[in-house]
Every structure is written in C-alpha cells, then in structure tokens.
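Every value quoted in this text rests on a predicted model; they were computed, and no experiment measured them.
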Amino acid sequence: MDSQQPRLHSPPRALRFSTQGIAPLSRVQLWESHNAKALISLDIRTIDESPLHASEVNLQFPSLRLAQVQGTAQIVERSESFIRENPTDVVAVFFALAGDAFFYHRGGHESLKPGQAIMYDADLPFMRGFAQGLQELVLTIPRPLFRELSDGQPLNRPVRFDFGPGAGPQAQELARMIRQAVASRQEPADDVEHSILELFRLIASGHGAGTGAGYLAAAKGYVEGHLGDPGLSTPEVAAAVGISERQLGRAFAEADLTLGRYVLGLRLDRGPGAARNVLHRARTGRQADRQPGQPVQPRLQAHLRRPRRH
C-alpha cells in the first residue's frame with residue numbers, strides 16, 4: 001500500500017471493554033479475549049491475588065489500530081510458543097502515560113517511564129511488567145506497511161523514544177493525535193489515519209523519508225503548543241520540525257495554507273481576547289527580539305482593528 005496516496009474514507013470501528021461488573025475469576029480470561037480481538041493476543045497474568053481492574057478503548061482503522069489502556073498491576077507476555085499459536089504480523093508502539101514498566105526481550109531489557117514510548121515487532125518474544133499498574137496508548141501497524149514507512153529498516157530490537165515535554169514535535173503530535181482520537185466520542189476526521197501514518201513515518205525512518213503531510217502535521221502540533229508565543233516564527237517552526245523554511249512553506253501550500261494564515265486562524269478561534277494577549281506580550285518586551293519574515297502579528301493587528309459585524 002502506498003501511504004502517500006489519498007485513501008477512501010472508511011470510518012473506524014470503536015470498541016470498549018471494562019472489567020467492571022465481571023466476576024473476578026473471569027476477568028483475566030476476558031481481558032485476554034478482548035485484546036486478542038481488538039489489539040494484540042497476549043498471555044496476561046496478575047502479580048498477586050488481587051482482582052484485576054482494567055479498561056480499554058479501541059479504534060480500528062483500515063490500516064491501524066489505536067488503543068488507550070488502563071489497568072492494575074499485571075504482566076503481559078508473548079513467548080515463542082505463544083507467538084507460534086497467535087501470530088499478529090504487526091509492529092506495536094506502546095506510549096507510557098503513567099507508571100514505570102519493564103520490557104524484556106531477547107537482547108536484554110528496557111525500562112519505560114511516563115513520556116517514553118517503545119516500538120517492537122510483536123512477533124518477536126517479549127514480556128512487559130507493570131508493578132504499579134499501567135496507563136498507556138498503543139498503536140499497531142501491519143508489518144508490511146511498517147517496512148514501507150521505515151524505508152526498509154529492520155526492527156530486530158526495541159526502539160525507545162520520548163514523546164513527552166522536550167521531545168520532538170513529531171512524537172509529541174503522534175501521541176496527541178492517538179490520544180485525541182480514542183478519547184473522542186465523535187468519529188475522527190477523515191485525515192486522522194493518514195496523518196498518524198505520516199507522523200509515524202518520520203519516526204520510523206529517522207526523519208529521512210518524510211512527506212509533506214507528516215511535516216505539516218508535526219508543524220501544526222508545534223504551532224498549537226506555542227500559540228501564545230508572540231515571537232513564533234517560520235524559522236522556529238521549520239527548525240523544530242527539522243526541515244528548511246522552503247520545505248515548510250511547500251508542506252502548508254499542499255494543504256492550501258500558509259503558516260501565517262494557520263497561526264492567525266488558531267488565535268482568532270480562541271477569541272479576540274487571546275489574540276490581544278499575544279499582541280500585548282509582543283509590545284511589552286518581546287517584539288524587539290523578533291526575527292524578520294514573520295507576517296502573523298501585522299495581519300492579526302489589522303484584523304482586530306476591523307469593525308465587528310453584527
């Protein structure tokens with residue numbers, strides 16, 4: 001499949017599961033059954049005799065599966081014998097939201113803290129443990145599609161990357177989009193699956209084979225996170241995303257946008273008060289430090305000076 005080509009929109013299938021109301025002795029079995037149907041087949045066990053409490057929200061797109069998972073202390077495993085009986089042919093990415101976790105694999109083990117993600121071939125043996133419970137996001141991608149998105153790079157060992165504060169805009173926006181999609185009660189926008197694929201491409205390929213759609217999604221995420229900064233500029237956004245200003249301009253142009261119009265639209269969507277706050281901060285100390293080539297503030301001033309229509 002060529003992930004760069006537009007796809008016919010197919011609404012994702014939403015699934016929900018909770019152990020609430022289920023007899024304690026049946027919870028682990030039904031938790032395993034739900035994950036096998038909705039995400040990945042797993043061999044699950046609790047750490048002690050306390051009843052399992054767990055819940056999961058899933059979105060199944062044509063190519064991707066997304067999930068938000070919560071649960072009490074547990075161990076999940078895919079051993080060689082289990083994989084032979086339950087192959088998945090997917091790559092899984094786990095985004096830790098709360099609680100520390102361990103991840104054992106053939107080559108050793110990794111520790112995972114909130115704000116970190118780990119990517120691994122789910123048909124290679126692994127064991128994960130959550131002594132204090134888990135809260136995480138999960139993304140699964142068919143292995144043939146992963147090979148395309150990663151520019152053919154193999155995934156023989158787990159890859160860990162940050163997505164929390166201080167991480168690159170690609171990973172931050174990828175996690176934000178997944179979380180927003182699974183948390184919403186409304187059907188996701190038509191381009192959500194494609195945007196997630198292209199953001200993931202930037203991470204899986206080491207930013208070496210990105211597309212305009214991926215850079216655009218990352219840039220939009222960076223802008224939204226820095227919208228209150230009156231010095232937000234094209235050079236800053238381009239540098240954060242890891243491309244040239246010209247490439248950034250082309251990415252926005254492909255969507256019939258400019259960076260200036262996009263920033264202006266977001267600020268106005270938040271109301272004239274928010275826009276005026278940005279202008280006030282610019283006038284009271286930061287305007288002198290701005291770099292040239294930033295059209296947003298003049299356009300914003302002109303808009304706010306226009307009489308409002310009733």
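Here the OG1 atom belonging to T258 is positioned 4.5 Å from the CZ atom belonging to R261, to the nearest 0.5 angstrom. Taken from CD in E110 to CD in Q116, the straight-line distance is 9.5 Å, to the nearest 0.5 Å. Here the CG-CZ distance, from D269 to R267, works out to 12.5 Å after rounding to the nearest 0.5 Å. Taking CD from Q170 and CD from E198, the interatomic distance works out to 12.5 Å, rounded to the nearest 0.5 Å. Considering CE of M119 and CZ of R160, their distance stands at 13.0 Å, rounded to 0.5 Å. Atoms CG and CG, on N156 and L124 in that order, are 7.0 Å from each other to the nearest 0.5 Å.
Of the possible polar contacts, none joining the R27 side chain to the H53 backbone as a donor-acceptor pair under 3.5 Å is found. With hydrogens and angles disregarded, no donor-acceptor distance shorter than 3.5 Å links the side chain of Q70 to the backbone of Q68. In this structure, the side chain of E32 engages the main chain of I44 through a donor-acceptor pair within 3.5 Å.
Contact annotation: the side chain of F200 never approaches that of I178 to less than 4.5 Å [non-hydrogen atoms, C-beta and beyond]. A 4.5 Å side-chain heavy-atom check between L259 and V263 finds at least one atom pair inside the cut-off. When side chains are defined from C-beta on, Y215 does not count as touching F252, because their heavy atoms never get closer than 4.5 Å. With contacts defined as side-chain heavy-atom distances shorter than 4.5 Å, the pair M177/L199 qualifies. Between Y104 and E77 there is no side-chain heavy-atom pair separated by less than 4.5 Å. At a threshold of 4.5 Å between non-hydrogen side-chain atoms, the residues L42 and R128 do not count as touching. Using a 4.5 Å heavy-atom threshold, the side chains of D100 and P114 count as touching.
Considering every non-hydrogen atom in both A67 and V182, the closest pair reads N-CG1, 4.1 Å. The minimum heavy-atom distance linking A217 with E173 is given by the pair O-CG, 3.4 Å.
Not counting sequence neighbours, E245 has no partner by the salt bridge (Lys or Arg N to Asp or Glu O under 4.0 Å) test.
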Solution key, residues 13-26 side-chain donor-acceptor pairs under 3.5 Å, sequence neighbours excluded:
from: S18; atom 1: OG; to: Q20; atom 2: N; distance (Å): 3.1
from: T19; atom 1: OG1; to: A54; atom 2: N; distance (Å): 3.0
from: T19; atom 1: OG1; to: A54; atom 2: O; distance (Å): 3.3

Name every donor-acceptor pair, under 3.5 Å, that has one atom in a side chain of residues 138-146 and the other anywhere in the protein, sequence neighbours excluded.
from: R143; atom 1: NE; to: D89; atom 2: OD1; distance (Å): 2.8
from: R143; atom 1: NH1; to: D121; atom 2: OD1; distance (Å): 3.3
from: R143; atom 1: NH1; to: D121; atom 2: OD2; distance (Å): 2.8
from: R143; atom 1: NH2; to: D89; atom 2: OD1; distance (Å): 2.9

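Aromatic ring orientation, F126 versus Y120: perpendicular (interplanar angle above 60°, classes split at 30° and 60°). The aromatic rings of H105 and F103 sit tilted relative to each other, their planes meeting at an angle between 30° and 60°.
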**OP:** Tell me, with the steps shown, if V90 and R65 meet side-chain contact (heavy atoms from CB on, under 4.5 Å).
**Re:** CA-CA 10 Å; V90 300; R65 292 190 174 189; over 6 Å; no
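In summary, the side chains of E56 and N58 do present a donor paired with an acceptor at a separation below 3.5 Å, with no hydrogens or angles considered.
Within a 6.0 Å sphere centred on CD of Q247, other residues, nucleotides and ligands contribute more than 12 heavy atoms.
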